[in-house]
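Note sheet for the following structure.
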Amino acid sequence: MFLVCLSWFCTSLLVFVSGGKLPEAEVKITVLHKPFLCHRKSKYGDILLVHHEGYLQNGTKFHSSYSQGDKQPVWFTLGIKEVIKGWDKGLQGMCAGEKRRLVVPPALAYGKEGKGKIPPESTLTFNIEVMEIRNGPRSHESFQEMDLNDDWKLSKDEVKEYLRKEFQRHGYPPNDTHHEQMVEDIFKKEDENEDGFISSREFTYKHDEL
């Protein structure tokens, strides 16, 4: 009972000192190589081509794009949850040709569930090389502007509000009937899984009407 009370007290003290919040998990970043010339740095919304190796805490390698599968680097869009949170956080501000080591805590990796060869609550180490950086078809900032409740998906009301603001910004009066028809047309084309929302991934690859 004493240990339980002591644990509760320490947790409560930490919450009090930090202003009501436990500190967020962080990614430990080590730059292994940085090219002399850097024409651009990666940011949310960019598409990255990366090679990577992943290791468990005991040093066991659980994946390598250099030697496993088709032995090809992989493309993904940074910042829209296509990959684990640790990658989204740890691969910002990189140059093409740069290599980093990321030590990712469980909360920013696969958490309590684990995945495949990765046990639950695993801290993972990744060696990642960015081969190429390309402009994404839609910026992360635009999605954040539209996603009013920060739930990583767009509702019809959020898209309608965005259209209303865009009309006003360009000097046109709001037209609810017209906006509602536009929203219906947008969702018919963009909401691929027909769940009533446009996910961050759907938004990234299909966005011509927005």
Side-chain angles (χ1 to χ4, degrees), residues 14-15 17-35 38-66 73-154 198-205:
L14 181 60
V15 170
V17 171
S18 60
K21 287 185 178 180
L22 291 171
E24 280 191 28
E26 293 293 338
V27 180
K28 182 180 178 182
I29 301 171
T30 303
V31 177
L32 303 177
H33 171 75
K34 198 161 189 175
C38 184
H39 300 292
R40 63 176 295 177
K41 293 185 177 181
S42 59
K43 65 182 186 305
Y44 279 172
D46 284 341
I47 301 175
L48 307 187
L49 179 67
V50 304
H51 260 309
H52 65 285
E53 295 177 327
Y55 298 86
L56 302 177
Q57 275 185 298
N58 63 8
T60 300
K61 184 189 294 185
F62 62 83
H63 184 74
S64 171
S65 62
Y66 294 101
V74 295
W75 288 102
F76 73 94
T77 304
L78 186 64
I80 66 167
K81 297 187 177 181
E82 281 190 11
V83 291
I84 60 173
K85 290 180 181 179
W87 280 31
D88 276 343
K89 285 176 172 283
L91 300 183
Q92 298 178 56
M94 288 189 73
C95 308
E98 183 174 342
K99 297 180 182 179
R100 286 184 182 179
R101 176 172 293 133
L102 307 182
V103 179
V104 182
L108 300 179
Y110 297 102
K112 297 177 181 179
E113 293 77 25
K115 183 177 181 181
K117 300 177 182 178
I118 302 170
E121 297 291 0
S122 292
T123 295
L124 305 176
T125 297
F126 294 95
N127 294 331
I128 302 176
E129 179 180 7
V130 172
M131 315 296 291
E132 190 174 340
I133 304 171
R134 294 184 183 176
N135 289 325
R138 169 68 76 164
S139 74
H140 177 78
E141 290 80 4
S142 296
F143 184 87
Q144 283 188 312
E145 180 184 349
M146 298 175 70
D147 184 18
L148 300 177
N149 62 356
D150 294 325
D151 63 353
W152 289 87
K153 56 187 179 182
L154 304 179
I198 297 173
S199 69
S200 57
R201 183 174 177 81
E202 289 168 334
F203 175 85
T204 301
Y205 292 105

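We count residues from 1, following the sequence as given.
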Return the minimal non-hydrogen interatomic distance between [X] and [Y], and the atom names on each side.
X	Y	value
Glu26	Pro105	O-CD, 3.2 Å
Arg101	Leu32	NH1-CD2, 3.8 Å
Pro119	Ser122	O-OG, 2.6 Å
Lys61	Ser64	CD-CB, 3.9 Å
Thr77	Glu82	N-OE1, 3.1 Å

Sequence-distant partners of Lys85, side-chain contact (heavy atoms from CB on, under 4.5 Å), two or more places apart: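 For Lys85 the side-chain contact (heavy atoms from CB on, under 4.5 Å) partners, ignoring immediate neighbours, are Leu108.
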Beyond-backbone contact of Ile29 with Leu102, side-chain heavy atoms, under 4.5 angstrom: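 Counting from C-beta outward, Ile29 and Leu102 do come under 4.5 Å.
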State, yes or no, whether a side-chain contact exists between Val103 and Val27 at a heavy-atom distance under 4.5 Å.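 Not in contact.
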Under 3.5 Å, side-chain donor or acceptor atoms of residues 86-98 against the rest of the protein: list the pairs with distances, not counting sequence neighbours.
residue, atom, partner, partner atom, Å
Asp88, OD1, Gly79, N, 2.8
Asp88, OD2, Lys81, N, 3.3
Gln92, NE2, Tyr44, OH, 3.1
Gln92, NE2, Asp88, O, 3.3
Glu98, OE1, Cys95, N, 2.9
Glu98, OE2, Arg100, NE, 2.9

Passing candidate, side-chain contact (heavy atoms from CB on, under 4.5 Å) with Leu154, options Asp147, Leu148, Asn149: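 Going through the options one by one, the only one that passes is Asp147.
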Residue from Leu48, Val50, Leu49 passing side-chain contact (heavy atoms from CB on, under 4.5 Å) with Glu132: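 Of the listed residues Leu48, Val50, Leu49, the side-chain contact (heavy atoms from CB on, under 4.5 Å) partner of Glu132 is Leu49.
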On the 0 to 90° scale, with breaks at 30° and 60°, tag the His52-Phe126 ring pair as parallel, tilted or perpendicular.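 Answer is tilted, since the angle falls between 30° and 60°.
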